[in-house]
There are 2 protein chains.
Amino acid sequence: METEETPARWEGLPSWLLGQTANHAHRLVGDGFSSVGARGYHYRLLATLEEYGPASQAALGRRSGIHLSDMVATVNELADRGLVERAPDPSDRRRNIISLTSAGKRQLRRLEKRLAECQDELLAPLSPEERQRLTELLSKLLTHHNGRTGTPEEPWS
Amino acid sequence: METEETPARWEGLPSWLLGQTANHAHRLVGDGFSSVGARGYHYRLLATLEEYGPASQAALGRRSGIHLSDMVATVNELADRGLVERAPDPSDRRRNIISLTSAGKRQLRRLEKRLAECQDELLAPLSPEERQRLTELLSKLLTHHNGRTGTPEEPWS
DNA sequence: AGCACATCATTAGTGCGCCAAACGATTCGT
DNA sequence: ACGAATCGTTTGGCGCACTAATGATGTGCT
């Protein structure tokens, strides 16, 4: 956006404010990630992998919130870079078991570092209390809206 | 996102919180708009048009923050629906002068109504003070980050 | 044992918002 | 008059979220 005039009517709407700040955040994080040749999905997948250990693509999708359709490409990209390994599951031939390589773990460390830096850059103009406040408010919103659309299924009967 | 497990490490990061809530907001607003056959760019263009009156596509792009490349399609779509008119500028044959039709104005009213409803749905779990607080915090962030990239040009000398 | 059904991986394609490169046509500045 | 800037347009790309369809495989029920 290379606006020059920008005085508009929707400028004060929460949804707009949210979208714009999220945009900045997204750009910040995206740039951080791309500076080491990655993008959001890569981080999410690597982090999920480290947190839960090797798993099938479907399971990883559920845990990371990455759509199954996008998992394929994401795993491909990470596997191409040697950050992740795809091996057939001997006990279920439908599955691939994805696991983190040591290079992947190293990459994850880099991404986490960038990510932390970005948080700081993002919140730069806010005091610690304000940051706290913002996080709380956003969490509240998120919890509410996730309840309505996020995990509606009751655990298997 | 049809997550079922979703307990992750990045879940508390401001950039993530921001992105997710913005996502919900975006979906809410997008659904509201699409229920009357429109999308974000349509609203932005119509609103800009009403606020500043007829103008060339380039000027509208500057004011609405819509990229020139996307203006073309946006104007086409609105013109196809008869919400906007594209007429050559007699005094500058490079330009098209875009103007709002009365049908366009009516559509804008509808969109504004939806938009207002969405704000309420979005902020539902927040008290009036919290809404205020959130708006302030987001504005602060936005102002900061726009200062670095958004509207740097000083008004014509 | 057989069959319906669910799950897994994959491919292909949609939508929105943002952006960049290149082009011809026109107009402006000097 | 001529180079530079502006305008409209087309084409294409990225990131993220999502839908639909398909074939291979696995599970549960009867």
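Chain A is the first sequence line, chain B the second, and so forth, proteins listed ahead of strands; every chain is numbered from 1. For clarity, every value in this text was computed on a predicted model and none was experimentally measured.
- Relative to the ring axis of A:Phe33, A:Arg39 does not place its NZ or CZ within 45° and under 6.0 Å from the centre.
- The distance from atom CD1 of A:Ile66 to atom P of C:dA9 is 14 Å, rounded to the nearest whole Å.
- Rounded to an integer number of Å, the gap from A:Asn23 CG to D:dC14 C1' is 13 Å.
- B:Gly19 comes within 4.0 angstrom of nothing in the nucleic acid, heavy atoms only.
- Close to C:dC8, at under 4.0 Å from its OP1 or OP2, lies a side-chain N or O of A:Arg62.
- Between the side chain of B:Arg93 and the base of C:dT26, no donor-acceptor pair of N or O atoms lies under 3.5 Å.
- No donor-acceptor distance shorter than 3.5 angstrom exists from the side chain of A:Glu51 to the backbone of A:Leu46, with no hydrogens or angles considered.
- Between A:Arg86 and C:dT10 there is a side-chain polar atom (N or O) within less than 4.0 angstrom of OP1 or OP2.
- With hydrogens and angles left out, the side chain of B:Ser69 and the base of C:dA20 share a donor-acceptor pair within 3.5 Å.
- Counting only heavy atoms from C-beta on, A:Gln20 has its side chain closest to C:dC18 among D:dG26, C:dC18, D:dT9.
- Between the side chain of A:Arg94 and the base of C:dT7, a donor-acceptor pair under 3.5 Å is found.
- Atom CD1 in B:Ile97 sits roughly 14 Å away from atom C1' in D:dG8 (whole-Å rounding).
- Rounded to whole angstrom, the span from the CG atom of B:Asp92 across to the P atom of C:dA25 amounts to 16 Å.
- In this structure, A:Ser91 and B:Ser56 both approach DNA chain D, and ranking their closest nucleotides by distance from the 5' end singles out B:Ser56.
- Where B:Asp70 and B:Ala58 meet DNA chain D, the nucleotide closest to each residue was compared, and B:Ala58 sits on the side nearer the 5' end.
- Closest to the side chain of B:His26, out of C:dC16, C:dA9, D:dT9, is C:dC16.
- In this structure, A:Leu108 is a member of the same hydrophobic cluster as B:Leu13, with clusters built from ILVMFWY side-chain heavy atoms closer than 4.5 Å.
- Protein atom CG of B:Leu60 is 13 Å distant from nucleotide atom C1' of D:dG8, rounded to whole Å.
- In this structure, A:Arg39 atom CZ and D:dG13 atom P are separated by 15 Å, rounded to whole Å.
- One atom, CG of B:Leu68, and another, C1' of C:dA22, lie 14 Å apart when rounded to the nearest Å.
- Whole-Å rounding puts the A:Asn76 CG to C:dT11 P distance at 7 Å.
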Verdict with reasoning, A:His145 to B:Gln20, per side-chain contact (heavy atoms from CB on, under 4.5 Å): CA-CA 10 Å; A:His145 290 289; B:Gln20 287 309 103; over 6 Å; no
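- Under 3.5 Å, the side chains of A:Arg86 and A:Gln57 contain a donor-acceptor pair of N or O atoms.
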